[in-house]
Amino acid sequence: MESEYKPREIEPVVQERWTREQSFAAVEDDSREKFYCLSMFPYPSGKLHMGHVRNYTIGDVISRYQRMCGRNVLQPMGWDAFGLPAENAAIANGVPPAEWTRANIDTMRGQLQRLGFAYDWNRELATCDPDYYRWEQWLFIRLLKKGLVYRAKSVVNWDPVDQTVLANEQVVEGRGWRSGAVVEQREIPQWFLRITDYADELLADLDRLDGWPDAVRTMQANWIGRSEGVEIDFAIRGQEAPVTVFTTRPDTLMGATYMALAADHPLVIAREAADPELAAFCRECRSGGTAAADLETRDKRGFRLDLEAVHPLSGEALPVYVANFVLMGYGTGAIMSVPAHDQRDWDFARAYGLPIKPVIATAEGVAPDVSEEAFTEHGSLVDSGEFTGLGFDEAFAAIADRLAADGRGRRRVQYRLRDWGISRQRYWGCPIPVIHCEACGAVPVPEADLPVRLPEDVTPEGAGSPLPGRADFVEVACPDCGQPARRETDTFDTFVESSWYFARYTGPDNDTAMLDQRANYWLPVDQYIGGVEHAILHLLYARFFQKLLRDEGLSAPDEPFARLLTQGMVLKDGAKMSKSKGNTVDPQAMIDHYGADTVRLFMMFAAPPEQSLEWSDAGVEGAFRFLKRLWRLVADHAATGPAPLADPDALDGGQMTMRRKLHETIAKVGDDIGRRYTFNTAIAAVMELCNALARFDDDSPGGRAVRQEALDAVVRMLTPIVPHVAEVLWQGLGHSDDLLDAEWPIHDPAALARDEVELVVQINGKVRGRIRVAADLDDDAIEAAAREEPNVARHLADQAVRKRIVVPGKLLNLVV
RNA sequence: GCCCAGGUGGCGAAACUGGUAAACGCUGCGGACUUAAAAUCCGCUGGUAGCAAUACCUUGUGGGUUCGAGUCCCACCCUGGGCACCA
């Protein structure tokens, strides 16, 4: 083999072989155990960034490792191709989103191929393809007919100057990003999916997702936010209908001192017209964006209504406020306020001079001091009439029962999770397959007419979606009555496409069905890899869709992703790499300079996959150096001709030590890659082994046999990470079989045996010496050996040992 | 504001189940090779004191549990991610 490592020469040759031999085309085979490894598909934004390289390298390492373990691996790739950036690019450059997107896909596909990822390109898909999105439209219609889809009004960010709906991202400090106008909240009719019908199952199944990080499961559980509480009706003086509130703390009901309504509560809207001051306050509540982070960090403000609510138990009159922190979208849009036992209510009561009445006692059984803050813990009731003295659970039950008996309340399970609004007033998305007819209402497009194709010869210019202006798209006949009707011009949230693509990869070429038998073979995904930023929304929606597919009889599993790895961000100078910060490193330049293997190696070595990764040019250089050293190690060994086979029973001491190091490394690397996914420590272990091999200058037949065994293992252990150079080294070591299917090395337990171990000796927990002793020595003998160590003896002096702790094979601690 | 992570040398990190803190790599310094440079190879590299043996200090801050804490508990500080129309 060549004496010098030349990645630019070897990588194209190796890749050419993979392409020629279709090395990564996955074929269903019931006789083999399958492994479906999926990385989150990219949005085709232009070119690959380092975050992509990291994500896809992790997925590729796992895929190639699983293949060497004998699994039938599927690793597909595609494009999350609809979305806002394509429209922005169109506005900026005058290029149709379809054209821009497809050009980006071509660029990025080439980059992925240059990185040598083991994808089955035959299964590539793009969500902007009618062949893909027609099945999304098809499923939507099924769900519509099943009652899982409904239409309702909800709020959007409205730019009053540009006369268009804005994404949260397009609202900057409450103003439209282009016009600078103060954004208003506006209600418009939209389509919703009943994800809340699945809330309980989505929550319960989290317990079974033991291949998912706990942090993600916790975040999802909190997002779903199941809470048990009571709905309470408060009569309003002079009004026919009561106002209903929801509370998880009915035990504090006797401490309620006022009521607060959302600005969009029907009772408020009804009074707005006659009260200009109220109207002004409500307008203020509705100004600015709809994002929760904005709404919840505003100053808490209120407006007193000339209404009185009647306390359902005491009959007391309570003042009623409109408050900017009560949101119509959560619960009932009205709350009872108990300032003594809720901090937000306390803050508001303080600001508006409202009474604060404690009704829950502290652990000492006395009324809490609420002069500085609310007392929010559970406790027994005080000053609560017939309920005084009850604990939280009894009080909850007694008050709920009492309200129910009076017809003024009922127990209810409430979710923080809201139904999923899937309508977007945008052009570059999947058309919602509905036709609006004056006579027949919203009529689903007949299956035979699918797909509803998005016109692609369109260049948005800024103010709103061009679709409503396209007569050839909008003007259609009603499928039911045949009269002139209007096609729906909203498109789906792009999260809809990314909620089922994992399933479509199993049969992307099927033009007669959404999914087929192949889905049964491959699903669920065995390993999913993607950024933490998707921990809640995308992953929750995908879980929801898998349950929808299951209930449609299209795919059996309850959950889409058996195992999940959430990859950390790629940083430069401590900040996320981004164009706006100007701290990006172009992967392409790195690949051109060092080759794909070096970039892959650095990515996997610099940090464990779940942590953020600090980019370092010097670190890349170091990775390149390691590959050069490895190359030389193999080349020097190969130059001495074929090596004999190692005979473990005929090795001398040095050879046995070298071989033990090898098998310790094999054991560690297998565990690190296969179980822990700590690729960084796996690489560190291989580096250590290579350092030991470089120092191992034994050219006897036994020594050469051990070195051959070690290098064979090193190359195989590095194959998932640096597959190109590994393939050439494998040949250099005299192998002619396909490394892609070479067996993952297994350690020989016999090689690990030691007859001597080093123990740390501590006195009172401080390290005072080290001793080498026979591995099977008993505790008394260990202590005796330790006492002979001069430094240990000095610290021990003549003090009596009170306690002796022995950790086998590791440590002896003497307590004096 | 709410939910979830993270914080260890000059830097990226390691320490997996409470048991040797800093493996591996980078940087820096010293040396070898070279006419020279690059490349490569060898050595040193947490702090303080000491010729050394060694001692003391050190895992964001302050407390606690333990023979023993980076790891467990309590309180706090800082950084990052998400918050439903960015993907």
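In the text below, chain A, chain B and the rest are named by the order of the sequence lines, each starting its count at 1.
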Margin query: Please classify the nucleic acid contact of I683(A) as base, sugar-phosphate, or nothing, using heavy-atom distances under 4.0 Å.
Written below: nothing

Note to self: Can you see if the side chain of T494(A) gets near the phosphate of A87(B) - specifically, an N or O under 4.0 Å from OP1 or OP2?
What the structure shows: yes

Check: Just checking, is any N or O donor in the side chain of Q163(A) or D159(A) under 3.5 Å from an acceptor N or O on the other one?
Finding: no

Next item on the list: Taking only the side-chain nitrogens and oxygens of K766(A), find out if one of them lies under 4.0 Å from OP1 or OP2 of C57(B).
Entry: yes

Next item on the list: Rounded to the nearest angstrom, tell me the gap between atom CG in D214(A) and atom P in G6(B).
Entry: 11 Å

Check: When rounded to the nearest Å, what value does the distance between C1' atoms of G6(B) and C56(B) take?
Finding: 31 Å

Check: Hey, mind stepping through V669(A) and V686(A) against side chain to side chain contact (heavy atoms under 4.5 Å, CB included) and telling me if it holds?
Finding: CA-CA 8 Å; V669(A) 171; V686(A) 175; 3.8 Å; yes

Check: If the P atom of G1(B) is compared with that of C76(B), how far apart are they to the nearest Å?
Finding: 13 Å

Next item on the list: Return no unless some side-chain N or O of N791(A) is found under 4.0 Å from OP1 or OP2 of A55(B).
Entry: yes

Check: What one-letter contact string describes nucleotides 69-83 of chain B from 5' to 3', where B marks a base within less than 4.0 Å of any protein heavy atom, S marks contact via sugar-phosphate atoms alone, and - marks no contact?
Finding: -----------SBSB

Next item on the list: Report the glycosidic orientation of G9(B): syn if within 90° of 0, anti in every other case.
Entry: syn

Margin query: Quick check on A84(B): is either OP1 or OP2 less than 4.0 Å from any side-chain nitrogen or oxygen of R424(A)?
Written below: no

Next item on the list: Before accepting this row, confirm whether a basic side-chain N of the pair D671(A)/R675(A) lies closer than 4.0 Å to the acidic partner's carboxylate O.
Entry: yes

Next item on the list: Please find out if less than 6.0 Å separates the ring center of F325(A) from that of F348(A).
Entry: yes

Note to self: Quick check for you: among A13(B), A87(B), G19(B), whose closest atom lies nearest to any side-chain atom of Q762(A)?
What the structure shows: G19(B)

Next item on the list: Compare side-chain N and O positions of Q611(A) against OP1 and OP2 of A14(B) and report whether any pair is under 4.0 Å apart.
Entry: yes

Next item on the list: Measure from CG on D294(A) to P on C86(B) and round the result to the nearest Å.
Entry: 12 Å

Check: Where the side chain of Y541(A) is concerned, which of A84(B), A14(B), A23(B) is the nearest nucleotide?
Finding: A84(B)

Margin query: Under 4.0 Å, heavy atoms only, any strand: does S45(A) hit a base, just the sugar-phosphate, or nothing?
Written below: nothing

Margin query: What's the gap between U45(B) and A36(B) when it is taken at their C1' atoms, as a whole Å value?
Written below: 28 Å

Check: Using atom P of each nucleotide, how far apart are G31(B) and A22(B) to the nearest Å?
Finding: 29 Å

Note to self: Distance check, C1' atoms only: U65(B) and U79(B), in whole angstrom units.
What the structure shows: 29 Å

Note to self: Please give the distance between the P atoms of C74(B) and C4(B) as a whole number of Å.
What the structure shows: 13 Å

Next item on the list: Go through U54(B), C26(B), G19(B) for me and flag the one nearest to the A618(A) side chain.
Entry: C26(B)

Check: Mind checking who A21(B) pairs with, Watson-Crick or G-U wobble, both distances under 3.5 Å?
Finding: none

Margin query: With a 4.0 Å cutoff (strictly under), does any side-chain N or O of R632(A) reach OP1 or OP2 of C41(B)?
Written below: yes

Notebook entry, point to check: What's the closest nucleotide to the V767(A) side chain, out of A21(B), A55(B), U40(B)?
Noted result: A21(B)

Margin query: On RNA chain B, compare the nucleotides closest to G619(A) and F41(A); which residue's is nearer the 5' end?
Written below: G619(A)

Notebook entry, point to check: Of the nucleotides U20(B), C4(B), U40(B), which one has an atom closest to the side chain of K628(A)?
Noted result: U40(B)

Notebook entry, point to check: Quick one: which of U54(B), A23(B), G25(B) gets closest to the side chain of F605(A)?
Noted result: G25(B)

Margin query: What is the distance, to the nearest angstrom, from the CG atom on N764(A) to the P atom on C56(B)?
Written below: 11 Å

Check: Quick one: do the T290(A) and N157(A) side chains pair a donor with an acceptor below 3.5 Å?
Finding: yes

Margin query: Return the pairing partner of U35(B) with a 3.5 Å limit on both distances, Watson-Crick or G-U wobble; otherwise return none.
Written below: none

Item checked: Which residue lies more 5' along RNA chain B, comparing E614(A) with A694(A) via nearest heavy atoms -> E614(A)

Next item on the list: Would you kindly check if the NZ (Lys) or CZ (Arg) of R151(A) is within the cone defined by 45 degrees around the ring axis of W191(A) and under 6.0 Å from the six-membered ring centre?
Entry: yes

Next item on the list: Drop me the distance from M604(A)'s CE to L613(A)'s CG, to the nearest 0.5 angstrom.
Entry: 10.0 Å

Next item on the list: Check every atom of A23(B), C4(B), C86(B) against the side chain of P85(A) and return the nucleotide holding the closest atom.
Entry: C86(B)

Margin query: For a quick check, tell me whether the side chain of R675(A) and the base of C16(B) share a donor-acceptor pair closer than 3.5 Å.
Written below: yes

Note to self: Tell me whether the side-chain N/O atoms of N691(A) come closer than 4.0 Å to OP1 or OP2 in G25(B).
What the structure shows: yes

Check: Is any side-chain N or O of R676(A) closer than 4.0 Å to OP1 or OP2 of A15(B)?
Finding: yes

Notebook entry, point to check: What interatomic distance, in whole Å, is found between C1' of G9(B) and the corresponding atom of C3(B)?
Noted result: 34 Å

Item checked: Between C86(B) (C1') and Q170(A) (CD): distance, integer Å -> 9 Å

Check: Rounded to the nearest Å, what distance is computed from the CG atom of residue N55(A) to the C1' atom of nucleotide A87(B)?
Finding: 13 Å

Margin query: With rounding to the closest Å, how many angstrom separate the P atoms on U59(B) and A69(B)?
Written below: 11 Å

Next item on the list: Scan side-chain atoms only and decide if E621(A) and Y594(A) contain a donor-acceptor pair under the 3.5 Å cut-off.
Entry: yes

Item checked: Ring-ring centroid check F82(A) Y133(A), cutoff 6.0 Å -> yes

Check: Within the pair R625(A) and C41(B), is there a side-chain N or O less than 4.0 Å away from OP1 or OP2?
Finding: no

Check: Can you tell me if D617(A) and W615(A) form a side-chain donor-acceptor pair at under 3.5 Å?
Finding: yes

Note to self: For C2(B) and N222(A) - does any side-chain N or O of the residue sit under 4.0 Å from the phosphate oxygens OP1/OP2?
What the structure shows: no

Notebook entry, point to check: Base, sugar-phosphate, or nothing: which does P213(A) touch, judged by heavy atoms less than 4.0 Å apart?
Noted result: nothing

Note to self: Under a 3.5 Å threshold, yes or no: a donor from one side chain and an acceptor from the other, between T681(A) and D672(A)?
What the structure shows: yes

Checklist line | Which nucleotide in U54(B), C41(B), A23(B) has an atom nearest any side-chain atom of A684(A) | finding: A23(B)

Check: So which nucleotide from C86(B), A87(B), U20(B) ends up closest to the side chain of E169(A)?
Finding: C86(B)

